[in-house]
Amino acid sequence: MKVIASSIRKGNIIERDDGQLYVVLSAESFHPGKGTPTTQIDMRRLSDGVKVSDRYKTTEQVERAYVEDANFNYLYQDGDHYTFMNADTYDQVSVSADVIGDQAVYLQEGMTCILSVFNGIPVGIQFPPRVTLEVVETEPAMKGQTASSSYKPAKLSNGVRTMVPPHIQTGTRIIVQTEDGSYVERAKD
């Protein structure tokens, strides 16, 4: 299916002129004051993981591969493979670590993710935008420090380090963005 380059987003699967499938890692549109607007697309070849970068005119046509997106629940990790179960059919599928990437640290048992499947092979994953994690290590709050002051470093239950407001203590459950690991708010549970 042909789409214009400016409509390509992270996680889309596209087919280049070489007949290979690529997963989009990032897509950024540039609109210079003078000249033609362009879209820079960084992608990884599905067959061997080679990274490629292409620049298209924003109105140029790009072949987007048809992939089926379905909800899958995360079950467990076995070595460098992660096992998911289709929420509707109860079929289990194994996804390699290179498809999941750096965000694997946010996987929690039972978490619902959207897997992109092409010809029966998982080629991409979309995590929920936010997850709830516990702060396992942080500095104590300094007396007289206001809420508007700078954030302090904290280590979360999944091993990720992030910056949190001064009032957050060890043992507090917080919500973080899965995209970049940034603090959103204190969990309400």
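Owing to the predicted nature of the structure, the values given are computational and were not obtained by experimental measurement.
Annotation: the span from I168 atom CD1 to T138 atom OG1 amounts to 8.5 Å, rounded to 0.5 Å. Interatomic distance, Q103 CD to Q126 CD, rounded to the nearest 0.5 Å: 10.0 Å. Taking CG of L115 as the reference point, atom CD1 of I125 lies at 5.0 Å (rounded to 0.5 Å). Interatomic distance, CZ of R173 versus CZ of R186, reported as 12.0 Å (0.5 Å rounding). Atom CZ of R44 and atom CG of L21 lie 12.0 Å apart (nearest 0.5 Å). With rounding to the nearest 0.5 Å, the separation of OG1 in T58 from CD1 in I4 is 7.0 Å.
For the residue pair P153 and E139, the shortest heavy atom distance occurs at CG-OE2, 3.8 Å. Heavy atoms only, all atoms of each residue included: V131 and Q108 are closest at CB-NE2, 4.1 Å. Across N12 and S7, no two heavy atoms sit closer than the pair OD1-O, 4.2 Å. Considering all non-hydrogen atoms of both residues, T162 and G181 come closest at OG1-O, 2.7 Å. The heavy-atom pair separating V67 from S116 by the smallest distance is CG2-CB, 4.2 Å. Closest approach of F127 to A104, counting heavy atoms only: CZ-N, 4.3 Å.
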### Task
Could you give me the CA-CA distance, side-chain angles and deciding distance for V176 and L156, then say whether side-chain contact (heavy atoms from CB on, under 4.5 Å) is met?
CA-CA 10 Å; V176 296; L156 305 177; 3.9 Å; yes
### Task
Applying side-chain contact (heavy atoms from CB on, under 4.5 Å), run through Y56 and T38 and close with a yes or a no.
CA-CA 6 Å; Y56 299 95; T38 58; over 6 Å; no
### Stepwise side-chain contact (heavy atoms from CB on, under 4.5 Å) check, T83 with V93
CA-CA 6 Å; T83 303; V93 64; over 6 Å; no
### Message
What verdict does the side chain to side chain donor-acceptor pair (under 3.5 Å) test give for Q40 and S53, after you've listed the backbone C-alpha separation in whole Å, the side-chain angles of each residue and the deciding distance to 0.1 Å?
### Response
CA-CA 7 Å; Q40 172 84 25; S53 189; 2.3 Å; yes
### Message
Checking E137 against R161 for the side-chain contact (heavy atoms from CB on, under 4.5 Å) test, could you report, in this order, the C-alpha distance in whole Å, the side-chain angles of both residues, the deciding distance, and whether it holds?
### Response
CA-CA 9 Å; E137 182 183 308; R161 295 194 172 278; 3.9 Å; yes
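Clustering ILVMFWY residues whenever any of their side-chain heavy atoms sit less than 4.5 angstrom apart, transitively, puts V3 in the very cluster that holds V24. Cluster membership check: V136 does not share its hydrophobic cluster with Y151, using side-chain heavy-atom separations under 4.5 Å among Ile, Leu, Val, Met, Phe, Trp and Tyr. The cluster map of Ile, Leu, Val, Met, Phe, Trp and Tyr, joined by side-chain heavy atoms under 4.5 Å apart, puts I114 and V95 in different clusters.
Taking the centre and axis of the six-membered ring of Y22, the NZ or CZ atom of R16 falls inside the cone set by 45° and 6.0 Å.
When atom types are taken as modelled, the side chain of Q77 and the backbone of G79 share a donor-acceptor pair closer than 3.5 angstrom. At distances below 3.5 Å, at least one donor-acceptor pair connects side-chain atoms of T172 with backbone N or O atoms of Q169. No side-chain donor-acceptor contact under 3.5 Å links K2 to the backbone of E63.
Between C113 and M111 there is a side-chain heavy-atom pair separated by less than 4.5 Å. The shortest distance between side-chain heavy atoms of V135 and K155 does not fall below 4.5 Å.
Among residues two or more places apart in sequence or in another chain, the salt bridge (charged side-chain N to carboxylate O under 4.0 Å, His left out) test is passed with R64 by none. Contacts of E185 classified as salt bridge (charged side-chain N to carboxylate O under 4.0 Å, His left out), with partners at least two apart in sequence or in another chain: K188. In this structure, R130 has no salt bridge (charged side-chain N to carboxylate O under 4.0 Å, His left out) partners at least two apart in sequence or on a different chain.
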Determine all donor-acceptor pairs shorter than 3.5 Å in which one atom belongs to a side chain in residues 25-35; sequence neighbours excluded.
| residue | atom | partner | partner atom | Å |
| --- | --- | --- | --- | --- |
| S26 | OG | D42 | OD2 | 3.1 |
| S29 | OG | T39 | OG1 | 3.2 |

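Other cluster members for I175: V184, joined by side-chain heavy-atom distances under 4.5 Å among Ile, Leu, Val, Met, Phe, Trp and Tyr.
For D17, the CG atom sits in a loose shell: 12 or fewer heavy atoms of surrounding residues, nucleotides or ligands are nearer than 6.0 Å. The local environment of CD in E179 is sparse, with at most 12 non-hydrogen atoms from other residues, nucleotides or ligands closer than 6.0 Å.
Within the structure, every pair that satisfies the ring pair (Phe, Tyr, Trp, His ring centres under 6.0 Å) test and touches residues 67-115, not counting sequence neighbours, is listed here: Y74-F84.
Side chain to side chain, T112 and N71 fail the donor-acceptor criterion of an N or O pair below 3.5 Å. Side-chain atoms of R45 and Q20 form no donor-acceptor pair, as typed in the model, at a separation below 3.5 Å.
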